[in-house]
Amino acid sequence: MKTRSVLESVSPYNPPRLREEISVDHGSERYVKLTMNELSFGPLPEARAAIVETLSRAGRYPDRDATPLREAIARANPGLSPDNVVVGNGSSETLVDLMQILERPGEVVIPWPSFPFYVSAARVVGLNARKVTLDGHHRVDLDAMLAAVTDETRAIIVCNPNNPSGTYLPLAEVRRFAEALPEGVLVILDEAYYDFVDDPAYAGSHGLVLQSENVVSTRTFSKVHGLAGFRVGYGLAPRRLADLVWSTHVPFSVNQAGQAAAAASMGQPEAIAGRSRLMKRERERVQDAFGAAGLEYVPSHTNFVMVGAKPRLFEKTGVLVREGEALGYPVGWSRVTIGGPEENDRLLAALG
Ligand SMILES: *Cc1c(COP(=O)(O)O)cnc(C)c1O
């Protein structure tokens with residue numbers, strides 16, 4: 001069979017390592033899983049009710065255009081219309097849909113360490129990924145990214161806040177960067193952790209999207225909305241790009257329950273803001289404890305923290321975290337998802 005040789009260099013998703021002696025039973029309380037930046041609380045009650053309600057329609061295809069969901073997302077981003085909103089089976093699918101609109105061959109410039117999926121997604125669609133190292137403060141280095149642009153550059157991804165370092169860039173810096181780029185380069189702002197950033201100088205990229213022809217922001221229901229299992233993400237895009245993305249999109253990829261749950265969750269901004277406040281308080285508590293224990297960490301603006309400790313330290317109290325070396329950090333670092341208060345108590349008990 002003639003298959004594409006580039007696929008030999010695409011590693012399948014490398015899931016969090018589970019040490020042999022720890023066989024994780026997802027239904028049990030024996031281990032706390034703080035490996036994948038999910039929210040321990042799951043969906044809001046309104047989203048749960050919406051999921052149940054869709055059961056009676058499960059024999060039918062979902063709304064192909066996801067209209068109520070796109071309207072709910074547009075309402076939350078003043079100035080945008082549903083025509084500026086594309087949805088996907090997780091923002092991962094939206095990222096792939098975006099890469100599919102780009103001319104090939106070509107390159108996608110990405111920060112590193114960052115979300116490993118950028119690399120495999122680029123290769124699968126026939127693009128190269130060019131990695132640009134974070135700056136000395138673990139931040140996306142916009143000057144170095146700008147310097148990496150060539151005639152081959154089709155897109156630049158700014159993961160903001162960046163996973164796995166947890167650092168962010170204010171909107172004014174992102175805007176200057178976008179304006180300095182050639183218009184032919186697509187700027188993808190991956191804002192999966194949008195709701196966890198406190199600084200008012202961060203928010204508002206939808207305004208930049210509206211004023212531009214080449215800036216797209218992607219967000220997800222997998223994190224603060226607690227809907228990772230239902231796979232819903234979205235992109236905010238200038239109209240022309242949104243239309244192109246829909247043309248590459250697999251029809252009906254966002255299922256009915258996910259659409260309904262996401263729309264219901266989007267309708268509860270107070271509850272979502274309350275969750276993100278709780279997660280920020282817990283993040284500060286965890287970071288303070290890391291500091292008091294003499295551990296180095298990268299001050300985070302997300303629901304996870306990069307810390308200079310091996311996963312084995314936390315396994316003592318039955319807590320699983322992600323090993324740094326799987327994410328481009330050196331051995332001896334771990335990415336710790338902030339859990340609920342009791343899960344974090346257990347995490348911190350390992351420091352004692
Ligand atoms: C979690 C995450 C996503 C979201 O993925 P989904 O496909 O929406 O679940 C996207 N980008 C980054 C950087 C992430 O950490």
Side-chain angles (χ1 to χ4, degrees), residues 13-16 33-40 42-43 47 66 69 73 85-99 108-122 124 129 131 134 138-140 155-169 174 187-197 202 205 216-236 245 249-250 253-255 257-259 261-262 265-266 276 279 283 298 300-306 321-322 324 326-329 335-338:
Y13 176 66
N14 167 20
K33 179 173 172 280
L34 299 180
T35 54
M36 288 177 74
N37 303 344
E38 300 137 315
L39 207 79
S40 334
L69 173 56
I73 293 166
V85 181
V86 294
V87 296
N89 189 274
S91 53
S92 301
E93 188 184 45
T94 301
L95 289 169
V96 173
D97 288 350
L98 282 163
M99 290 190 196
V108 182
V109 174
I110 63 167
W112 196 258
S114 192
F115 196 38
F117 180 68
Y118 303 146
V119 180
S120 51
V124 166
K131 295 175 175 173
L134 302 182
H138 304 258
R139 299 181 352 148
V140 174
I156 285 202
I157 302 180
V158 179
C159 188
N160 193 27
N162 187 50
N163 176 8
S165 59
T167 56
Y168 76 101
L169 301 170
V174 173
V187 184
I188 301 175
L189 309 175
D190 181 344
E191 301 177 329
Y193 301 95
Y194 188 85
D195 296 273
F196 297 110
V197 182
Y202 166 78
S205 58
V216 173
S217 133
T218 62
R219 300 185 196 157
T220 183
F221 288 91
S222 299
K223 307 286 157 60
V224 73
H225 290 272
L227 285 165
F230 279 86
R231 314 299 307 123
V232 189
Y234 60 100
L236 307 176
V245 167
H249 183 73
V250 172
S253 78
V254 185
N255 71 75
Q259 288 188 28
S265 199
M266 207 72 196
S276 86
M279 295 314 288
R283 177 181 76 210
V298 184
S300 171
H301 299 270
T302 62
N303 66 331
F304 57 83
V305 182
M306 221 355 147
V321 303
R322 187 73 154 130
L327 305 169
Y329 268 75
R335 189 192 61 196
V336 176
T337 301
I338 303 299

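Counting starts at 1 for both ligands and their atoms, in listed order. Along the sequence shown, residues are numbered consecutively beginning with 1. Remember, it's a predicted structure, so these values are computed and weren't measured experimentally. No hydrogens, no waters, no symmetry mates; every other heavy atom, side chains included, goes into these values.
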Could an N or O of ligand 1 be found under 3.5 Å from any N or O of [X], whether backbone or side chain?
X      : result
Tyr118 : no
Asn89  : no
Asn163 : yes

Using a 4.0 Å heavy-atom threshold (strictly under), name the region of Ala192 that reaches ligand 1: side chain, backbone, both or neither.
side chain
Test of understanding: given a 4.0 Å heavy-atom threshold, classify the contact between Ser91 and ligand 1 as side chain, backbone, both, or neither.
both
Any [X] heavy atom less than 4.0 Å from ligand 1:
X      : value
Asn37  : no
Ser222 : yes
Ala228 : no

For atom 7 (O) of ligand 1, what's the nearest protein heavy-atom neighbour? Residue, atom name and distance, please.
Ser92 OG, 2.6 Å
To which protein heavy atom is atom 11 (N) of ligand 1 closest, and what is the distance rounded to 0.1 Å?
Asp190 OD2, 2.7 Å
Heavy-atom contacts with Cys159 under 4.0 Å: which atoms of ligand 1 show up? List them by number with element.
13 (C)
Under 4.0 Å to a heavy atom of Gly90 - the qualifying atoms of ligand 1, by number
6 (P), 7 (O), 8 (O)
Side chain to side chain, [X] and [Y], heavy atoms closer than 4.5 Å:
X      : Y      : value
Val85  : Leu236 : yes
Tyr329 : His138 : yes
Asn163 : Arg335 : yes
Ile73  : Phe221 : yes
Val119 : Lys131 : yes
Met99  : Ile157 : yes

Of the listed options (Phe117, Tyr234, Tyr193), which comes nearest to atom 15 (O) of ligand 1 when hydrogens are ignored and any heavy atom counts?
Tyr193
Candidate with minimal heavy-atom separation from atom 1 (C) of ligand 1, of Glu38, Glu93, Lys223, Arg231
Lys223
Do Ser114 and Asn162 have a side chain donor and acceptor closer than 3.5 Å?
yes
Please determine whether a side-chain nitrogen of the Lys or Arg among Arg231 and Glu93 lies less than 4.0 Å from a carboxylate oxygen of the Asp or Glu.
no
Answer yes if the ring centres of Tyr193 and Phe304 are under 6.0 angstrom apart, and no otherwise.
yes
